[in-house]
Amino acid sequence: MNDDSSKMDTVAEEYLYGRINYERRSDDPAATWDFKLETVLQLLNRRGNPHWQYPIIHVAGTKGKGSVVSMIAGILAASGYRVGVYYSPHLEIVRERIVVDGEMIRANDFCALVESFRCDVAEIDRQSRERNELHPPSFFEIMTAAAFDYFAQRDVDVAVVEVGMGGRLDSTNVCRPVLTVITNIGIDHQRQLGATRPLIAAEKAGIIKPGVAVICGVQGGKPAEVIADVARRHNATVFWLGQEFNVRAASVKPQTEEPTTFHTWGIVGKQYDLPNCVTSLLGSHQASNAAIATAAAQWLSHHHWNITDETIRSGLRNVRLLGRFQLVEGTPPVVLDIAHNEISVRAFVRTLLERFGPGRDGRTLIFSASSDKRILRMLKLLLPHFDRVILTRIVSNPRGCELLALQRLCEEVLSQWTHADGPLPAIEAASDSKQAWEIAHQSSQPSTCIAVTGSAFLIGEMLPVAREWATRQRPFVEQSSNIE
């Protein structure tokens, strides 16, 4: 990023981060979480309702929604459509959230876009103070309205929109989608969405609209019953993974760079079979995500979108997404993954074993997490697969868990360690991501790996550290495109 771009990003980000930002809000019992749609609706109404000017595919879920969004967008782009994508959250810079034709919004365009909303935001602030009918626009509400407006300015053919949190009261839920996607349901954001999977499912199902089809990756149990009930009340047809469409992932040889290969088949509008399909995103769970994206593409194809088997294959094969079991080549190899709840940590561990085998000798984990996560459960899943653990702090977000608290949670896990679990992993501490990286590399064995996981915010801090390290390694290591 050049200096001018950096300055423009800083100006826009300072304004946005000056607003209420629930992604960065600390877990304060006194804090209120007030989610409504009226404010973002008024912002959009003042711009002429740009979100009505193009078709939208709306994607929710506890985990995998970012991957599914990228896959659907990749398929649509390969099919010749101009595609806008709205991601949440970002990893390094806020502009990552708004993408058109595979390129995030440029710094000068983003600065001008944010600046153009200042008057509207100020007017709603005034109304909030005088009449208390609306709350002041938050960071995410302004970002969402700005993304919808930018997509209209760029005359996109379609937008693929990722829900930020939940669904029912998420700012993105003002859209009128042509297709709805729900990837899966797990425990996360309990304070805002509820403490059980059925309650969370009800919030995710809040994006279902009357008569709009749903592609759903939830398989059985109470969450599926909740989604099915909401869909029935809205007269919305649901296509279920494991029923209307299916997937089988091919096995992967450990310590290879084989892509994720799978076979998906079923009925989504018509009989369909797609064998020997490949996605560049690693992990058997990505086969399920790819099947969901393929089912969405097949539904669109059946409804006169110009999508073919070849464009589906091309879109999945070429998809790129930072922080999803992302390999940083070098010695030792490093894996960056944004896993931050039980469902994603389980997928991460499964992929780790698929790619590097079951042994843990010399294997190092760099870990941190937000304080409002189920950290103890995450550590119980992770620690048995590592010989060494380096705990660190997330410095970019006040929700980051303090080092002392992380150390106590590790001690609690290790207090229940048994002889069958093997030797206790060594636990170390680092003040920040850069120090954790340096400590990990000082004594790691070249034949094993370093894994960094626990939070999207941690990966956002680690990416520039990894990029700098990869640059220094270039005389010795042929770099791939994994660090972009």
Asks: Where the side chain of N397 meets the backbone of F457, is there a donor-acceptor pair that is under 3.5 Å apart?
Replies: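 Not a single qualifying donor-acceptor pair exists.
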Asks: Quick one: does any side-chain atom of R350 pair with a main-chain N or O of S284 as donor and acceptor, under 3.5 Å?
Replies: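 No, the answer is negative, given that no donor and acceptor are paired below the 3.5 Å cut-off.
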Asks: Once you round to the nearest 0.5 Å, how far does CD of E141 lie from CG of L16?
Replies: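 Output value for this atom pair is 12.5 Å.
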Asks: Would E411 and R408 pass as an ion pair if we require N to O under 4.0 Å?
Replies: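 No salt bridge links E411 with R408.
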Asks: Going by heavy atoms in the side chains, are N184 and Q219 under 4.5 Å from each other?
Replies: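 No; the side chains remain at least 4.5 Å from each other.
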Asks: Between T180 (side chain only) and H58 (backbone N and O only), is there a donor and an acceptor less than 3.5 Å apart?
Replies: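 Checked: no pair found.
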Asks: With the side chain counted from C-beta on, respond yes when V345 and T453 share a heavy-atom pair under 4.5 Å apart, and no when they do not.
Replies: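 Of all side-chain heavy-atom pairs linking T453 with V345, none is under 4.5 Å.
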Asks: Quick one, Q286 with N289, criterion side-chain hydrogen bond (donor to acceptor under 3.5 Å, both in side chains). Give me CA distance, side-chain angles, the key distance, then yes/no.
Replies: CA-CA 5 Å; Q286 293 293 0; N289 290 334; 3.0 Å; yes
Asks: To the nearest 0.5 angstrom, please state how far the OG1 atom of T294 sits from the CG atom of L316.
Replies: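 These two atoms lie 4.5 Å from each other.
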Asks: Can you tell me how far apart CZ (R388) and OG1 (T448) are? Round to the nearest 0.5 Å.
Replies: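 If I round to the nearest 0.5 Å, the distance is 9.5 Å.
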Asks: Any donor-acceptor pair under 3.5 Å linking the side chain of Y86 with the backbone of A159?
Replies: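 Checked: no pair found.
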Asks: Whether the side chain of R360 engages the backbone of F386 through a donor-acceptor N/O pair (distance < 3.5 Å, no angle test) should be reported.
Replies: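 Such a contact is found between R360 side chain and F386 backbone.
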Asks: So which atom in P358 and which in L353 form the shortest heavy-atom distance, rounded to 0.1 Å?
Replies: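 Closest pair (atom of P358, atom of L353, distance): CA-CD2, 3.8 Å.
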Asks: Less than 4.5 Å apart, side chain to side chain, heavy atoms only: is that true for P384 and W417?
Replies: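 Contact flag for P384/W417 side chains = yes.
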Asks: Rounded to the nearest 0.5 Å, what separation is found between the CD1 atom of I390 and the CG atom of L365?
Replies: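 So the gap between those two atoms works out to 8.5 Å.
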Asks: Taking the six-membered ring for Trp, are H441 and W469 parallel (under 30°), tilted (30 to 60°) or perpendicular (over 60°)?
Replies: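 Answer is tilted, since the angle falls between 30° and 60°.
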Asks: Give, for atom CG of N246 and atom CH2 of W240, the distance between the pair rounded to the nearest 0.5 Å.
Replies: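 That separation rounds to 14.0 Å.
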Asks: Closer than 3.5 angstrom, by distance alone: can the side chain of S280 be matched with the main-chain N or O of V319 as a donor-acceptor pair?
Replies: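 Pair found, side chain donor or acceptor close to backbone of V319.
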Asks: Ignoring hydrogens and angles, tell me if any N or O in the side chain of S314 forms a donor-acceptor pair with the backbone of E310 under 3.5 Å.
Replies: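 No, S314 side chain to E310 backbone: no donor-acceptor pair under 3.5 Å.
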Asks: Tell me whether R95 contacts the main-chain N or O of I105 through its side chain, where contact means a donor paired with an acceptor under 3.5 Å.
Replies: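 Pair found, side chain donor or acceptor close to backbone of I105.
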Asks: Check for a donor-acceptor pair, side chain of E162 on one end and backbone N or O of K65 on the other, with a separation under 3.5 Å.
Replies: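 No.
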Asks: Does T183 reach the main-chain N or O of K63 with its side chain, forming a donor-acceptor pair under 3.5 Å?
Replies: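 Looks like yes, one N/O pair under 3.5 Å.
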Asks: Just so I know, are the side chains of I208 and V212 near enough to count as touching, which here means a heavy-atom distance under 4.5 Å?
Replies: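 With C-beta onward as the side chain, the pair stays apart.
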Asks: Could you point out which residue of S433, S455, S368 forms a side chain to side chain donor-acceptor pair (under 3.5 Å) with E461?
Replies: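 So the option named by the test is S433.
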Asks: Mind checking the CG-CD1 spacing from L76 to I307? Nearest 0.5 Å is all I need.
Replies: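 Rounded to the nearest 0.5 Å, the CG-CD1 separation comes out at 5.0 Å.
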